[in-house]
Participant: 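Before I ask anything, let me first share the structure, which is written out below as structure tokens.
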Amino acid sequence: METLINPTITLNPSLPRRPLSLNSQTRLLTFTIRPQPANSRTRTLPFSVFCKLKPSREESTENKEKSMSKKIMLSEMAPPPLSEEGGGNGGAPARRKGGPFESVKRFPRRVVTLLSNLRLAIGEMFAIAALMALGTFIEQGEAPDFYFAKYPEDNPVLGFFTWKWILTLGFDHMFSAPVFLGLLVLLGASLMACTYTTQIPMVKVARRWSFLSTSKAVLRQEVSDSLPRASVQDLGVVLMGAGYEVFLKGPSLYAFKGLAGRFAPIGVHIAMLLIMGGGTLSACGSFKGSVTVPQGLNFVVGDVLGPIGFLSKPSEAFNTEIHVNKFYMDYYDSGQVSQFHTDLSLYDIDGKEVLRKTISVNDPLRYGGITIYQTDWSISALQILKDGEGPFNLAMAPLKLNGGDTKLFGTILPIDDPDPDSTQVKGISMLARDLQSVVLYDQQGKFVGVRRPNSKLPIEIDGKKIEVLDAIGSSGLDLKTDPGVPIVYAGFGALMITTCVSFLSHSQVWALQDGTTLFIGGKSNKGNVEFSSEVNRLLDRVPEIVDDLPAKQSNSV
């Protein structure tokens, strides 16, 4: 049977009306419980009262460190056993630090710390420079047979370097080889790690305003001085005139300038990442091709260009058709070639001309990300009349000379042989070294004469009247796409700017007004001698206080 209890509790009137506190001597708490009639509708309300017992001052130190709470249940139910909370042996065990997952969490931090090591970054740059030098020494993009003959196993370079090294490591295309690209990625990771762990925290610290509240702290700076009769506000005006950002807070002053010098190392790292990223995109995402096109013929861009990397993707401009309208050359007074030009027309897939330009050496044509360079020339054919018949186009072939860079092209005009059983081809030989003159020889190889194309002067050889109408040239063109060029240019531009900005010093000045005495201190990350001279010049410009009263300080920032 449960007892009906009114939750109203009346304290003993004899107790004082103040917050109840129990000590070790007082452990009784008097309650008055009024029973209710049997017919009352009052609900049965079990409740608990918590009393926290404080030990007395006379108890030992050990008992002071323990706190105990007891529960008192007003119910006929069996009470739970008393238990002490906090600090006992029966409490929850402490969480173990570390564990298998803790090492996993620390792994990225360890990797970032390792990558940001300066010696590692310098070693990476030296390795990249060595591979670039090796790439200029080894011929790039040649067929395997070339390396078999140039770097044979029976006669290795330096006693060990053979074609196996070149083809296995990809040194025949050095700047897209996995070894070279891997080092670039590693160096880029080192730059980003250094920026994250070193440069960005330095910028955050430099941007933070810091006021010094004691004269000792001010005088501990690299450059320090004191003015016995000066005002901190006058010093602030002088510093502002020298280009400093000045902040005042009561008697304290903080000023700085050259914060851009703190951002410059981050800009240098970003510029280097742009250069490496653009170079990688150029090495792995470009197309290249060469073609020699006679005057008057066409070719399609996509038929000439070939990918050089796994990132190479064709564009719409690959469907462009190019027509060689005309090829001609300029000459020095000595007769040597000085410049050659090609008049090109570009047609889209619908046959509409979209661009026309005459290109020459160092004056390329650019369209749709494709660049067309004038790189070479040759003579494709001679157009002649024989005994008033024709014209006949005679194909010209390049002739090999014994050394030198002189070009020579030749052809032959067959002449009917009365002996049909003869296996020897007889004819008139014609040689040309450029487009302005042709040398003619008879069937026995004797020199006959020289004629200029389109001179309309016939020459008789072995009973045949020959007239040279024209020398048709061929234009040697190099085509390529290089999507990384804008990125590389942007990187080098940013590198030049940030390198210049990095020479700016970040200077900081603190000052504290103590009565009429002004304490000044400062430091700079570069050029401490120049900074000390600058501070001395600025302090000489601070006016002296004439009034004996201390200067009033401003409470505004």
Side-chain angles (χ1 to χ4, degrees), residues 288-306 317-331 337-368 370-386 388-399 407-414 427-440 451-458 466-480:
K288 287 185 178 181
S290 299
V291 63
T292 301
V293 187
Q295 176 179 303
L297 297 184
N298 302 352
F299 68 94
V300 178
V301 172
D303 296 338
V304 176
L305 291 175
F318 279 46
N319 297 321
T320 304
E321 185 178 5
I322 300 178
H323 178 72
V324 179
N325 299 315
K326 185 179 180 181
F327 176 78
Y328 61 96
M329 295 188 293
D330 298 334
Y331 303 92
V337 177
S338 63
Q339 181 64 282
F340 36 100
H341 313 265
T342 304
D343 182 12
L344 299 176
S345 292
L346 278 66
Y347 298 89
D348 61 13
I349 195 172
D350 298 325
K352 180 182 178 181
E353 185 180 41
V354 294
L355 181 64
R356 181 170 182 174
K357 181 181 178 180
T358 299
I359 66 173
S360 59
V361 178
N362 299 327
D363 185 18
L365 182 149
R366 293 181 174 87
Y367 173 75
I370 301 172
T371 306
I372 305 175
Y373 298 92
Q374 180 75 73
T375 57
D376 202 359
W377 65 273
S378 65
I379 302 176
S380 61
L382 280 180
Q383 195 175 72
I384 65 169
L385 291 175
K386 183 180 73 171
E389 297 178 357
F392 300 99
N393 290 330
L394 303 178
M396 300 285 284
L399 303 178
K407 290 187 175 184
L408 185 63
F409 302 88
T411 187
I412 186 171
L413 176 62
I428 300 172
S429 300
M430 303 178 189
L431 300 178
R433 65 176 186 177
D434 49 42
L435 300 178
Q436 62 180 351
S437 62
V438 178
V439 182
L440 296 95
R451 288 295 183 267
R452 299 178 69 88
N454 203 23
S455 63
K456 298 181 180 180
L457 295 176
I466 306 298
E467 181 181 346
V468 180
L469 296 181
D470 194 9
I472 302 174
S474 294
S475 178
L477 304 175
D478 277 0
L479 290 79
K480 75 172 186 177

Participant: Closest heavy-atom contact between Thr375 and Asp478?
Facilitator: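 Looks like CG2-OD2, 3.5 Å.
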Participant: I need the Asp470 CG to Asn454 CG distance, nearest 0.5 Å.
Facilitator: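 The CG atom of Asp470 sits 6.5 Å away from the CG atom of Asn454.
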Participant: Dump the intermediate steps for side-chain contact (heavy atoms from CB on, under 4.5 Å) on Leu394 and Leu413, then the final yes or no.
Facilitator: CA-CA 7 Å; Leu394 303 178; Leu413 176 62; 4.1 Å; yes
Participant: Do the numbers put Lys326 on top of the ring of Tyr328, so that NZ or CZ is under 6.0 Å from the six-membered ring centre and no more than 45° off the axis?
Facilitator: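 Yes, Lys326 sits over the ring of Tyr328.
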Participant: Check step by step if side-chain contact (heavy atoms from CB on, under 4.5 Å) holds for Leu431 and Leu399.
Facilitator: CA-CA 9 Å; Leu431 300 178; Leu399 303 178; 3.6 Å; yes
Participant: Write down the atom of Pro294, the atom of Val324, and the distance for their closest heavy-atom approach.
Facilitator: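 Scanning both residues completely, I find the closest heavy atoms to be O-CB, 4.0 Å.
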Participant: Which residues satisfy the side chain to side chain contact (heavy atoms under 4.5 Å, CB included) test with Glu467, sequence neighbours excluded?
Facilitator: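 Listed in chain order: Leu385, Lys456, Pro458, Leu469.
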Participant: Partners of Asp348 by side chain to side chain contact (heavy atoms under 4.5 Å, CB included), sequence neighbours excluded?
Facilitator: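 Asp348 satisfies side chain to side chain contact (heavy atoms under 4.5 Å, CB included) with Asp350, Lys352, Val354 only.
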Participant: List for me each residue that meets side chain to side chain contact (heavy atoms under 4.5 Å, CB included) alongside Phe392, sequence neighbours excluded, and say none if there are none.
Facilitator: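 By the side chain to side chain contact (heavy atoms under 4.5 Å, CB included) rule, Phe392 matches Ile384, Lys386, Glu389.
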Participant: Ignoring hydrogens and angles, tell me if any N or O in the side chain of Ser380 forms a donor-acceptor pair with the backbone of Ile472 under 3.5 Å.
Facilitator: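 Checked: pair present.
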Participant: So which atom in Leu355 and which in Arg366 form the shortest heavy-atom distance, rounded to 0.1 Å?
Facilitator: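 Nearest heavy atoms, Leu355 then Arg366: CD2-O, 4.2 Å.
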Participant: Do other residues, nucleotides or ligands put more than 12 heavy atoms under 6.0 Å from the CG atom of Asp330?
Facilitator: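 Enclosed: over 12 neighbouring heavy atoms sit under 6.0 Å from CG of Asp330.
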Participant: Main chain of Trp377, side chain of Lys407: is a donor-acceptor contact present, judged purely on distance under 3.5 Å?
Facilitator: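 A pair under 3.5 Å: yes.
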Participant: Tell me, with the steps shown, if Leu435 and Tyr331 meet side-chain contact (heavy atoms from CB on, under 4.5 Å).
Facilitator: CA-CA 10 Å; Leu435 300 178; Tyr331 303 92; 3.5 Å; yes
Participant: How far does CD1 of Ile379 sit from CG of Leu408, to the nearest 0.5 angstrom?
Facilitator: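 Reported to 0.5 Å precision, the distance equals 8.5 Å.
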Participant: Counting only heavy atoms not in Leu457, do more than 12 fall under 6.0 Å of its CG?
Facilitator: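 Above 12, so yes.
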Participant: Tell me the closest heavy-atom pair linking Gly289 and Leu305, and the distance in Å.
Facilitator: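 Distance-wise, the nearest heavy atoms are N-CD2, 3.8 Å.
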Participant: If I take atom NE2 from residue His341 and atom CZ from residue Phe327, how far apart are they, to the nearest 0.5 angstrom?
Facilitator: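 Result: 9.0 Å between the selected atoms.
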Participant: Apply side-chain contact (heavy atoms from CB on, under 4.5 Å) to the pair Ile370 and Thr320, showing each step before the final yes or no.
Facilitator: CA-CA 10 Å; Ile370 301 172; Thr320 304; 5.7 Å; no
Participant: Taking atom OH of Tyr367 and atom CG of Leu344, what is their separation to the nearest 0.5 Å?
Facilitator: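 The CG atom of Leu344 is 14.0 Å from OH of Tyr367, to the nearest 0.5 Å.
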Participant: Only counting residues at least two apart or in another chain, list the ones meeting ring-ring contact (aromatic ring centres under 6.0 Å, His included) with Phe299.
Facilitator: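 Not a single residue meets the ring-ring contact (aromatic ring centres under 6.0 Å, His included) criterion with Phe299.
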Participant: Counting distance only, does the side-chain N/O of Gln374 pair as donor-acceptor with the main-chain N or O of Gly476 below 3.5 Å?
Facilitator: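 Yes: the side chain of Gln374 pairs with the backbone of Gly476.
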Participant: For residues Thr411 and Ala395, report the shortest heavy-atom separation together with the two atoms involved.
Facilitator: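 So the two residues come closest at OG1-O, 2.9 Å.
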Participant: Restricting to side chain to side chain contact (heavy atoms under 4.5 Å, CB included), what partner residues turn up for Arg356, sequence neighbours left out?
Facilitator: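 With sequence neighbours excluded, Arg356 shows a side chain to side chain contact (heavy atoms under 4.5 Å, CB included) to Asn325, Asp343, Ser345, Glu353, given in chain and number order.
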Participant: How long is the straight-line distance from CG of Leu440 back to CZ of Arg451, given to the nearest 0.5 Å?
Facilitator: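 If I round to the nearest 0.5 Å, the distance is 7.5 Å.
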Participant: Looking only at atom types and distance, does a side-chain atom of Thr342 sit under 3.5 Å from a main-chain N or O of Ile359, one as donor and one as acceptor?
Facilitator: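 Pair absent, no side-chain N/O of Thr342 close to backbone of Ile359.
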Participant: Once salt bridge (Lys or Arg N to Asp or Glu O under 4.0 Å) is applied, do any residues pair with Asp303, and if so which ones, sequence neighbours excluded?
Facilitator: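 Applying salt bridge (Lys or Arg N to Asp or Glu O under 4.0 Å) to Asp303 gives none.
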Participant: Please report the shortest heavy-atom distance between Lys288 and Lys480, naming the atom on each side.
Facilitator: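 Between these two residues, the closest heavy atoms are CG-CB, 4.0 Å.
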Participant: For a side chain to side chain contact (heavy atoms under 4.5 Å, CB included) with Leu365, tell me which candidate from Thr371, Leu346, Leu477 qualifies.
Facilitator: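 Of Thr371, Leu346, Leu477, side chain to side chain contact (heavy atoms under 4.5 Å, CB included) with Leu365 is met by Leu346 alone.
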Participant: Distance from Ser475 atom OG to Met329 atom CE, nearest 0.5 Å?
Facilitator: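 Ser475 atom OG to Met329 atom CE measures 11.0 Å (nearest 0.5 Å).
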Participant: For Pro364, is there any backbone N or O sitting under 3.5 Å from a side-chain donor or acceptor partner on Lys357?
Facilitator: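 Pair found, side chain donor or acceptor close to backbone of Pro364.
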